[in-house]
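Just below is one structure, and these are the notes that go with it.
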Amino acid sequence: MLKLIKLELERNHVRTYVTPSIIIALSMLGILYLFAYLPQLEPDDKDMQLFIGYNNLIPLFAVLNMAAFCVLSAVMYSKFIIDDYSGKRPLLLFSYPVSRKKILLSKLSVVSIFTILSLVISDVLIFTIFGVTERFIPLVNEPFTVAFMLLALKTTIIMAFISASIGIIAVAIGFIKKSVPSTIVTAVLLGSLMCNILVNATLNIGTLYLIALIVIIVGILSSINLMHKVHSMEVE
């Protein structure tokens with residue numbers, strides 16, 4: 001399996017997706033500063049209460065970042081799976097003396113691991129930078145403590161697995177017609193839907209865990225369904 005994963009890394013040039021990850025991270029860092037500054041613009045506006053305090057800022061930021069990486073995940077899956085299993089391209093994959101399911105699993109593993117690691121690393125760096133600057137130019141009306149950093153890390157890990165799972169669900173839907181646009185649009189729609197659900201759920205950690213578990217289970221079932229389809233497909 002490790003050899004297959006290494007092969008996928010070489011074939012699909014995963015490093016090309018590092019730049020989009022960095023762009024997302026920089027954009028999200030700017031959005032975090034914007035969120036923190038918004039209450040100062042309209043201090044009497046009740047809607048601004050959503051952006052006051054780290055207990056509000058961290059979940060809100062994490063949900064938005066999750067949606068961004070959902071789309072990146074879908075773009076990667078489109079390249080790794082939709083493109084590779086379209087037209088005559090499966091001939092090359094099926095010529096390998098390896099199980100079709102293992103080849104697909106290696107593709108799913110590469111994209112999922114990349115998505116999870118990219119999201120976690122970007123969030124850790126973002127909150128570290130934000131926490132340091134808060135010591136000198138505070139925007140939030142409370143100190144950024146270790147407890148808040150742990151909250152950010154815990155929320156980030158949950159969102160990372162949700163993001164990877166939504167990517168798998170999106171490619172499973174896009175695989176029906178082997179359509180790249182369908183895969184990406186599905187990821188955008190699912191990411192937007194999860195944003196609406198998770199913004200409220202993050203206030204209750206038990207509900208957040210439940211939603212994450214459901215999404216991960218659906219992602220696993222979607223990957224199993226994909227494996228069955230690839231195992232039984234015939235080259236056009």
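Position 1 is the first residue of the sequence, and the numbers go up from there. Hydrogens, waters and symmetry mates play no part in the numbers below; they use all other heavy atoms, side chains included.
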Report summary line: CG of Leu32 to OG1 of Thr133, rounded to nearest 0.5 Å, is 8.5 Å
Query raised in the report: Does a side chain donor of either Ser112 or Tyr77 reach within less than 3.5 Å of an acceptor in the other side chain?
Result: yes
Requested in this report: Give a yes or no answer on whether the side chain of Thr19 reaches the backbone of Thr16 with a donor-acceptor pair at less than 3.5 Å.
Outcome: no
Query raised in the report: Is there a donor-acceptor pair closer than 3.5 Å between any side-chain N or O of Thr156 and the backbone N or O of Ala152?
Result: yes
Query - Single-linkage hydrophobic cluster, 4.5 Å side-chain cutoff, Ile169 and Ile224 together - result: yes
Query raised in the report: Cation over ring, Lys178 on Phe175, under 6.0 Å and within 45°?
Result: yes
Query raised in the report: Can you tell me if Ser118 uses its side chain to pair, donor with acceptor, with the backbone of Thr115 under 3.5 Å?
Result: no
Requested in this report: Look at the aromatic rings of Tyr17 and Phe114 and report parallel, tilted or perpendicular, splitting at 30° and 60°.
Outcome: perpendicular
Query raised in the report: Are Val124 and Met149 side-chain neighbours, meaning at least one heavy-atom pair lies under 4.5 Å?
Result: yes
Requested in this report: Search all heavy atoms of Ile126 against all heavy atoms of Ala25 and return the closest pair with its distance.
Outcome: CD1-O, 3.4 Å
Query raised in the report: Are more than 12 heavy atoms from other residues, nucleotides or ligands located less than 6.0 Å from atom CD1 of Ile137?
Result: no
Query raised in the report: Given the rule that I, L, V, M, F, W and Y join up when any side-chain heavy atoms are under 4.5 Å apart, are Ile217 and Ile173 in one cluster?
Result: no
Report task. Answer yes or no: is there a side-chain heavy-atom contact under 4.5 Å between Ser78 and Val171? Result -> no
Query - Smallest separation among heavy atoms of Ala170 and Thr186, with atom names - result: CA-CG2, 3.8 Å
Query raised in the report: Would you say Ile214 and Ile168 are hydrophobically clustered, going by side-chain heavy atoms of ILVMFWY under 4.5 Å?
Result: yes
Query raised in the report: Does the side chain of Ser122 reach to within under 4.5 Å of the side chain of Asn65, using non-hydrogen atoms?
Result: yes
Query raised in the report: Should Leu64 and Ile31 count as side-chain neighbours, where that means a heavy-atom distance under 4.5 Å?
Result: yes
Query raised in the report: Between Asn55 and Phe148, is any pair of side-chain heavy atoms under 4.5 Å apart?
Result: yes
Query raised in the report: How many angstroms lie between CE in Met66 and OG in Ser165, if you round to the nearest 0.5 Å?
Result: 11.0 Å
Query raised in the report: Do Ser163 side-chain atoms and Cys70 backbone N/O form a donor-acceptor pair below 3.5 Å?
Result: yes
Query - Leu57-Leu26 co-clustered via ILVMFWY side chain contacts under 4.5 Å - result: yes
Query raised in the report: What distance do Lys107 atom NZ and Leu226 atom CG have between them, rounded to the nearest 0.5 Å?
Result: 12.0 Å
Report task. Kindly work out whether a path of hydrophobic side-chain contacts (I/L/V/M/F/W/Y, heavy atoms less than 4.5 Å apart) joins Ile211 to Leu213. Result -> no
Query raised in the report: For Phe144 and Phe127, which heavy atoms make the closest approach, and how far apart are they?
Result: CE2-O, 3.7 Å
Query raised in the report: Taking the six-membered ring for Trp, is the centroid-to-centroid distance between Phe61 and Phe35 below 6.0 Å?
Result: no
Query raised in the report: When you measure from the side chain of Ser106 to the backbone N and O of Ile103, does any donor-acceptor pair fall under 3.5 Å?
Result: yes
Query raised in the report: Would you call the rings of Phe130 and Tyr33 parallel, tilted or perpendicular if under 30° counts as parallel and over 60° as perpendicular?
Result: tilted
**Report entry** For the student: nearest non-hydrogen atoms of Ala62 and Thr155, plus distance
**Finding:** CB-CG2, 3.5 Å
**Report entry** Least distance between heavy atoms, Ala172 atom then Ser222 atom
**Finding:** CB-CB, 3.8 Å
Requested in this report: Give a yes or no answer on whether the side chain of Glu134 reaches the backbone of Pro143 with a donor-acceptor pair at less than 3.5 Å.
Outcome: no
Query - Distance-minimising heavy-atom pair for Ala187 and Val71 - result: CB-CA, 4.5 Å
